[in-house]
Amino acid sequence: MSIFTGVISSYVFLMYFLNRKRVKIEISSYISKVTFEGQTNYFFKFVNRTNYEIFDIRVEPTFYKQVGGVGGYSRKRYSAKG
């Protein structure tokens, strides 16, 4: 019985610990548009809602287009890279 109790308590502790370590990031509702050397750039503000520093945020924009499919609509995914 003590092994079972140890396994359950370890599981509960790990779930609690890992949930607290999860990164919570929000994107601000304000977007800055800046033109520099003839190129338009957009800047987003990321708000860190955790108590820890966050390094190396990578963004990969993806666009979705709704297309007709059998029995309804489906989405087609396009990368913004090209």
Side-chain angles (χ1 to χ4, degrees):
M1 186 66 157
S2 64
I3 294 174
F4 179 72
T5 305
V7 169
I8 295 297
S9 63
S10 296
Y11 176 77
V12 169
F13 171 75
L14 274 176
M15 288 299 109
Y16 173 75
F17 180 74
L18 293 177
N19 278 334
R20 289 188 45 90
K21 289 290 186 181
R22 184 179 298 159
V23 178
K24 296 176 187 93
I25 298 175
E26 294 179 5
I27 300 176
S28 174
S29 59
Y30 299 103
I31 300 173
S32 175
K33 180 180 177 182
V34 177
T35 303
F36 181 72
E37 295 181 359
Q39 191 174 26
T40 302
N41 298 299
Y42 296 92
F43 293 96
F44 301 87
K45 180 178 181 181
F46 293 95
V47 181
N48 182 8
R49 296 287 180 196
T50 59
N51 295 329
Y52 314 105
E53 293 183 36
I54 297 176
F55 301 97
D56 193 26
I57 295 178
R58 186 173 22 156
V59 177
E60 185 177 319
T62 304
F63 301 103
Y64 291 93
K65 180 180 179 184
Q66 220 172 28
V67 293
V70 177
Y73 286 100
S74 182
R75 294 185 187 145
K76 235 181 192 176
R77 180 178 148 178
Y78 298 96
S79 176
K81 291 181 183 177

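Just so you know, residue 1 is the first one in the sequence shown, and it goes up from there.
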I54 CD1 to K24 NZ distance, which is reported to the nearest 0.5 Å = 10.0 Å
With sequence neighbours left out, which residue pairs that include part of residues 36-48 fulfil the side-chain hydrogen bond (donor to acceptor under 3.5 Å, both in side chains) condition?
-> N48-T50
Can you find a heavy atom in the side chain of E53 that is under 4.5 Å from one in the side chain of F55?
-> yes
Close side-chain approach of F43 to I31, heavy-atom, < 4.5 Å | no
Check against side chain to side chain contact (heavy atoms under 4.5 Å, CB included), V47 and I25 | CA-CA 6 Å; V47 181; I25 298 175; over 6 Å; no
Does atom CD1 of I8 have more than 12 heavy-atom neighbours from other groups under 6.0 Å away?
-> yes
